[in-house]
Amino acid sequence: MNMRKMTIGALAATTLLATAAIAQAGGWENFKLRYFSLTQIFHDQSRELGDLRQQNVVPEDNSRIDLDQLLNGGPPKDGIPSIDDPQFDAAEATPFQAEETVIGVVINGEAKAYPFNVMNWHEIVNDSVGGVPITVSYCPLCDTIVAFERGETTFGVSGKLYQSCLVMYDRADDTLYAQPWATGVVGPKVNQILDRVPAVKTSLGEWLAQYPDSQILSTRTGYSRDYQGYPYGTYYTNDQILFPVRNQEQRERHPKAIVSYVWEANDQTPHNQFSGDSHSFAHEALAQIGSQEVQLAGQTILARWDPALSTVVVEAADGTVVPSTTAFAFVYPAFFTGDEGLGRADEP
């Protein structure tokens, strides 16, 4: 009897401690997020580099970054499953409301929208738009959107993070890509630059006002997820950065303030650094001033606030849309500025 009372008492104490920890974290979703990286102890975290070694590719000799900065995010390789056979709904059939945030892509007259509430769970969609095979990628930890031509391969979520941001991998040869750079960082295609296509972050209602025939990524993914819920608690607006991130002393804004940045790499490949030209534009400021003209890799470009889409759009002098991405403010100094001054911020 005494042993039973002790067991019940220990269980009650454990429950109270867990309840207190969850409350201190700000709720269950925040608690899971704070300790999610601990799930790595249950998964094989060696596959990402091990698969390269099985191809006789030595990661240490084929890397743009220090491998000790390639951190375990918690899930294993493909533990966050990409969507490789995407299904789509028309506007009248989608379960998502007008205020849903989406990624919009238009190629050769075909428009598609990828809701954040699906992308938060999958991060990568291997699709074709306008007859062009593309990958649409989204990193919930850094709010970056990179869409690019994928050729005959597909991309997956590696499970690794670099500067607290998504690291993708090419299923053809296991090369790892730092998504905010759209560049291979470890593997046989190290330093390869992906061929980006324009993608915008906007609301579903605003997107459909511009493209009423747009297809919308369906929740029929083959996986059971809460596609109407946000799995990251208060992360989107709080000041928490989950993994180590460099150069934050250069940041003047809230870490989750929304910026857009453009970048153009050159043929230099400095270790752990971007080399080329880049600019960032704070949404709050650009919405007030309307537009800003800058030079990017020797060409004049115009970043303007698009009131119809409530976002920043960047265009070349001839009106061609220049690929850009939104991001949390902490991302730009982590990837595009540093001691070498290889990038520069032009937030108005």
Under 4.5 Å between side-chain heavy atoms, counting indirect links through other Ile/Leu/Val/Met/Phe/Trp/Tyr residues: same cluster for [X] and [Y] or not?
X: L302; Y: V200; value: no
X: I107; Y: V321; value: no
X: Y232; Y: W121; value: yes
X: V313; Y: V106; value: no
X: V58; Y: L52; value: no

[atom1] of [X] to [atom2] of [Y]: how many Å apart, nearest 0.5 Å?
X: I134; Y: L194; atom1: CD1; atom2: CG; answer: 12.5 Å
X: D143; Y: Y235; atom1: CG; atom2: OH; answer: 9.0 Å
X: E60; Y: L67; atom1: CD; atom2: CG; answer: 5.5 Å
X: S260; Y: F281; atom1: OG; atom2: CZ; answer: 8.5 Å
X: N117; Y: T101; atom1: CG; atom2: OG1; answer: 8.0 Å
X: S158; Y: D174; atom1: OG; atom2: CG; answer: 10.5 Å

Can a donor-acceptor pair be found, under 3.5 Å and without considering hydrogens, that links the side chain of [X] to the backbone of [Y]?
X: Q87; Y: D85; value: yes
X: D277; Y: E264; value: no
X: R47; Y: G50; value: no
X: Q163; Y: R246; value: yes
X: D226; Y: G229; value: yes

Are [X] and [Y] close enough that some pair of their side-chain heavy atoms sits under 4.5 Å apart?
X: D89; Y: R220; answer: yes
X: P323; Y: V197; answer: no
X: M168; Y: L166; answer: yes
X: F243; Y: L141; answer: yes
X: R196; Y: V146; answer: yes
X: K189; Y: D170; answer: yes
X: F96; Y: V118; answer: yes
X: N272; Y: R64; answer: no

- request: List the steps and the verdict of side chain to side chain contact (heavy atoms under 4.5 Å, CB included) for V136 and D127.
  value: CA-CA 8 Å; V136 179; D127 196 11; 5.5 Å; no
task: Please lay out, stage by stage, how Y138 and Y114 fare under the test ring-ring contact (aromatic ring centres under 6.0 Å, His included).
output: CA-CA 10 Å; Y138 174 66; Y114 304 83; over 10 Å; no
message: Taking the six-membered ring of F330 as reference, does the cationic atom of K256 (NZ for Lys, CZ for Arg) lie under 6.0 Å from its centre and within 45° of its axis?
response: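 That pair does not qualify as a cation-pi contact.
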List the atom of [X], the atom of [Y], and the distance in Å for their closest heavy-atom pair.
X: T175; Y: G187; result: OG1-C, 4.0 Å
X: Y261; Y: P180; result: OH-O, 2.9 Å
X: R253; Y: A285; result: NH2-CB, 4.1 Å
X: P244; Y: L71; result: CD-CD1, 3.7 Å
X: L217; Y: M119; result: CD2-SD, 4.3 Å
X: I145; Y: A199; result: CG2-CB, 3.9 Å

- prompt: Are Y177 and F155 an aromatic pair by the rule of ring centers under 6.0 Å?
  reply: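 That pair passes the under 6.0 Å test.
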query: Is the gap between the ring centers of F274 and F335 under 6.0 Å?
result: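 Ring centroids of F274 and F335 are no less than 6.0 Å from each other.
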message: Assess whether a salt bridge exists between E48 and R53, defined as any Lys/Arg side-chain N lying under 4.0 Å from an Asp/Glu carboxylate O.
response: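 The answer is no: the pair does not qualify as a salt bridge.
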task: Using a strict cut-off of less than 4.0 Å between a Lys/Arg side-chain nitrogen and an Asp/Glu carboxylate oxygen, indicate whether R171 and D84 qualify as a salt bridge.
output: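 Yes, R171 and D84 are salt-bridged.
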- request: Kindly check if the number of other-residue, nucleotide or ligand heavy atoms within 6.0 Å of CD (Q55) is above 12?
  value: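 Yes.
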query: More than 12 non-hydrogen atoms from neighbouring residues, nucleotides or ligands closer than 6.0 Å to CD on Q299, yes or no?
result: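 Open.
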Step-by-step side-chain hydrogen bond (donor to acceptor under 3.5 Å, both in side chains) determination, E123 to Q179: CA-CA 11 Å; E123 303 188 9; Q179 187 242 19; over 6 Å; no
query: Between V331 and T144, is a side chain to side chain contact (heavy atoms under 4.5 Å, CB included) present by the stated rule, with each step listed?
result: CA-CA 9 Å; V331 175; T144 45; 4.2 Å; yes
Is a donor from one side chain sitting under 3.5 angstrom from an acceptor on the other, for [X] and [Y]?
X: T311; Y: D306; answer: no
X: T183; Y: Q192; answer: no
X: D66; Y: H271; answer: yes
X: Q268; Y: Q273; answer: no

message: If the test is side-chain hydrogen bond (donor to acceptor under 3.5 Å, both in side chains), which one of K201, H283, E206 qualifies with S310?
response: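 Going through the options one by one, the only one that passes is E206.
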message: Between S291 and W305, does the side-chain hydrogen bond (donor to acceptor under 3.5 Å, both in side chains) criterion hold? Intermediate values first, please.
response: CA-CA 6 Å; S291 64; W305 182 254; over 6 Å; no
Pair V186-L49, side chain to side chain contact (heavy atoms under 4.5 Å, CB included): steps then yes or no: CA-CA 9 Å; V186 184; L49 300 183; 4.1 Å; yes
message: As a quick check of understanding, evaluate side-chain hydrogen bond (donor to acceptor under 3.5 Å, both in side chains) for T221 and Y227, giving each step before the final call.
response: CA-CA 10 Å; T221 63; Y227 292 122; 2.7 Å; yes
task: Please lay out, stage by stage, how S82 and H122 fare under the test side-chain hydrogen bond (donor to acceptor under 3.5 Å, both in side chains).
output: CA-CA 5 Å; S82 63; H122 296 281; over 6 Å; no
query: Given T94 and L204, is the side chain to side chain contact (heavy atoms under 4.5 Å, CB included) satisfied, shown in steps?
result: CA-CA 10 Å; T94 183; L204 179 58; 4.2 Å; yes
field: Derivation of the salt bridge (Lys or Arg N to Asp or Glu O under 4.0 Å) call for D51 and K77
entry: CA-CA 10 Å; D51 288 347; K77 191 175 186 178; 2.7 Å; yes
query: So which of Y332, W263, Y162 actually passes ring pair (Phe, Tyr, Trp, His ring centres under 6.0 Å) with W181?
result: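 Of Y332, W263, Y162, ring pair (Phe, Tyr, Trp, His ring centres under 6.0 Å) with W181 is met by Y162 alone.
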